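Every value quoted in this text rests on a predicted model; they were computed, and no experiment measured them.
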Amino acid sequence: MDGKERAPGGERVLTGDRTTGRLHVGHLVGSLQNRVVLQDRHDLFLLLADVQALTTNFSHPEGLRESVRGIVLDYLAVGIDPQRATIVVQSLVPEIAELTVYYSMFVTVNSLRHNPTIKAEAAERGYNDLYYGFLGYPISQAADITFCKATLVPVGEDQLPHIEQTRKIVRRFNELYGVVFPEPRPLVGRVPRLAGLDGYGKMSKSRNNAIYLDSTQEEVTEKLRAAVTDPARVRATDPGHPEICPVFAYQQAFNEDGAADVHAACSTGRIGCKACKQMVAGLLEEVLQPIRERRQQFAARPDDISQILLTGTERARGIAKETMREVREAMKMNYLAESG
Ligand code: TRP
């Protein structure tokens with residue numbers, strides 16, 4: 001069964017999601033749609049990074065179960081096919097934790113402290129004394145990527161420092177112990193990250209500024225109604241500034257053919273915010289309606305979700321065990337073999 005449905009000749013590709021909540025339309029245009037394409041061309045691994053989620057959610061682990069299973073539903077709803085893509089639960093692959101420990105011997109604290117994404121996230125959360133696991137999560141992410149010797153890692157811009165750190169770890173490991181791992185390359189999507197509807201940067205659950213893949217039509221309409229637009233615009237006929245408008249970003253993402261016209265109409269006061277928002281609500285409903293329907297169908301079959309997680313994780317473990325055998329041999333830790 002293994003490999004039958006997967007694309008022959010492709011690369012091994014791994015990417016992941018921190019399981020801190022449901023996925024939203026920003027994920028859809030920023031990564032999910034691309035994964036649906038990648039699964040046909042490559043041996044695609046999708047890692048549900050529940051251990052990484054714990055770096056910030058350790059005090060409420062009871063939310064992980066719903067996030068893990070909910071994200072699988074999101075995957076299936078958008079067209080990810082578990083026959084082609086291998087869906088893996090991070091915490092159920094202990095070899096990832098093992099690799100993390102070995103890598104952590106030769107990664108310095110300063111190199112982690114200087115990682116720009118770690119810095120930005122620490123500042124955002126108001127950390128001054130960093131949790132050890134949080135500071136070290138780029139090492140664990142290097143283990144995520146290397147346990148299966150992935151060569152291509154689709155990520156958002158903000159993840160580039162982690163991929164660079166992974167490349168350094170791979171080079172250092174290979175130099176210290178002999179070549180075991182390939183250096184992975186990042187694959188950054190063309191689509192810029194969709195901002196939150198309140199105009200304050202990223203979509204996030206706590207700000208209630210995101211449109212989730214399982215939103216109802218009413219929720220979408222309501223969130224758009226409340227969305228911030230160009231603050232300089234008081235009357236519908238005032239010229240708008242679409243480049244700073246969060247709602248216009250949705251026009252760009254979901255109205256490929258018409259966004260330029262809307263841009264012109266908004267800039268010259270020929271379309272008001274209300275009409276623009278109604279238009280976006282319509283466009284989103286077209287995209288979300290089939291996703292919502294598929295999600296409900298899959299949600300009615302919880303055993304299938306468990307089976308998908310089990311099958312994907314088992315395949316990953318088989319690969320991880322073989323990698324660990326090579327790692328132990330390279331590190332001269334194969335004590336039980338007759339000769340080293
Ligand atoms: N840190 C990634 C994010 O927040 C998620 C992630 C975990 C990941 N492990 C990974 C991404 C491995 C790529 C490869 O988006």
Side-chain angles (χ1 to χ4, degrees), residues 1-3 6 10-16 18-19 42-55 85-112 115 118 131-153 155 159 161-186 309-340:
M1 184 185 112
D2 188 45
R6 280 178 281 270
E11 289 187 59
R12 184 153 288 165
V13 180
L14 181 136
T15 188
R18 217 184 261 222
T19 57
H42 296 286
D43 186 9
L44 176 66
F45 281 65
L46 298 177
L47 187 83
L48 299 164
D50 59 335
V51 180
Q52 192 176 111
L54 279 174
T55 62
T86 302
I87 299 173
V88 185
V89 181
Q90 189 187 27
S91 64
L92 296 180
V93 184
E95 290 78 8
I96 294 177
E98 217 178 332
L99 266 181
T100 304
V101 173
Y102 293 145
Y103 294 161
S104 71
M105 303 306 161
F106 58 80
V107 177
T108 68
V109 170
N110 278 345
S111 75
L112 294 162
N115 178 310
I118 289 286
Y131 291 103
Y132 176 62
F134 171 81
L135 178 67
Y137 92 71
I139 307 181
S140 150
Q141 194 158 322
D144 295 343
I145 294 167
T146 53
F147 87 82
C148 65
K149 301 187 182 177
T151 52
L152 200 59
V153 187
V155 281
Q159 296 294 303
H162 301 337
I163 310 303
E164 200 41 52
Q165 196 131 28
T166 300
R167 290 166 61 85
K168 284 204 182 105
I169 288 172
V170 162
R171 286 197 291 269
R172 190 74 181 120
F173 184 100
N174 289 345
E175 180 186 280
L176 283 165
Y177 308 119
V179 177
V180 170
F181 297 107
E183 257 183 69
R185 316 183 308 285
L309 290 173
L310 197 65
T311 308
T313 301
E314 266 175 8
R315 172 169 187 241
R317 275 211 78 184
I319 293 165
K321 280 184 191 160
E322 172 53 26
T323 300
M324 286 316 296
R325 202 190 53 71
E326 292 173 36
V327 163
R328 259 179 233 114
E329 195 174 292
M331 294 180 76
K332 313 287 181 228
M333 292 169 78
N334 51 343
Y335 314 122
L336 300 183
E338 290 292 316
S339 62

- [ ] Kindly indicate whether the side chain of Pro94, heavy atoms from C-beta on, has any atom under 4.5 Å from the side chain of Arg317.
- [x] yes

Task: Closest approach of Asp50 to Ser91 (non-hydrogen atoms, all atoms of both residues) - done: OD2-OG, 2.5 Å

Open item on the list: Check this for me, if you would: do Lys149 and Glu322 make a salt bridge, where the nitrogen-to-carboxylate-oxygen distance has to be below 4.0 angstrom?
Closed with: no

TODO: Rounded to the nearest 0.5 Å, what's the gap from CD on Gln90 to OG1 on Thr313? Could you check?
DONE: 11.0 Å

TODO: Considering non-hydrogen atoms only, spot the tightest contact between Ile96 and Ser140 and give its length.
DONE: CG2-O, 4.2 Å

TODO: Assess whether salt bridge (charged side-chain N to carboxylate O under 4.0 Å, His left out) is satisfied between Glu95 and Lys321, documenting all intermediate values.
DONE: CA-CA 7 Å; Glu95 290 78 8; Lys321 280 184 191 160; 5.3 Å; no

TODO: Look only at the side chain of His42 and the backbone of Glu11, and say whether a donor-acceptor pair between them is shorter than 3.5 Å.
DONE: yes

Open item on the list: Would you compute the distance between atom OG1 of Thr166 and atom CG of Asp144 and round it to the nearest 0.5 angstrom?
Closed with: 8.5 Å

Open item on the list: I need the minimum non-hydrogen distance between Cys148 and Arg12, along with the two atoms involved.
Closed with: O-CD, 2.9 Å

Task: Spatial distance of atom CG (Leu176) from atom CD1 (Ile169) [nearest 0.5 Å] - done: 11.5 Å

Task: Side-chain heavy-atom pair Leu47, Thr15 within 4.5 angstrom cut-off - done: no

Open item on the list: With side-chain hydrogen bond (donor to acceptor under 3.5 Å, both in side chains) as the test, pick out the partner of Gln141 among His162, Gln165, Gln52.
Closed with: Gln52

- [ ] Would you give the length of the straight line joining atom OG1 of Thr86 to atom CG of Leu44, rounded to the nearest 0.5 angstrom?
- [x] 7.5 Å

- [ ] Could you grab the distance from atom OH of Tyr177 to atom CZ of Arg172, nearest 0.5 Å is fine?
- [x] 8.0 Å

Task: Ile118 CD1 to Tyr137 OH distance, which is reported to the nearest 0.5 Å - done: 4.5 Å

Open item on the list: Do Leu99 and Phe181 make a side-chain contact, defined as non-hydrogen atoms from C-beta onward lying under 4.5 Å apart?
Closed with: yes

- [ ] Give the minimum heavy-atom separation between Gly312 and Val88, together with the two atoms involved.
- [x] O-CG2, 4.0 Å

Open item on the list: Looking at every non-hydrogen atom in both residues, tell me the closest pair between Pro184 and Ala150 and how far apart they are.
Closed with: CB-O, 3.6 Å

TODO: Please tell me if the side chains of Thr323 and Thr146 come closer than 4.5 Å, counting only heavy atoms from C-beta onward.
DONE: no

Task: Minimum-distance pair of heavy atoms, taken over all atoms of Ala330 and Val180 - done: CB-CG2, 3.7 Å

TODO: Return the orientation label for the Phe45 and Phe147 ring planes: parallel under 30°, perpendicular over 60°, tilted otherwise.
DONE: perpendicular

Open item on the list: Between Asn334 and Arg325 (side chain of the first, backbone of the second, donor and acceptor by atom type, cut-off under 3.5 Å), is there such a pair?
Closed with: no

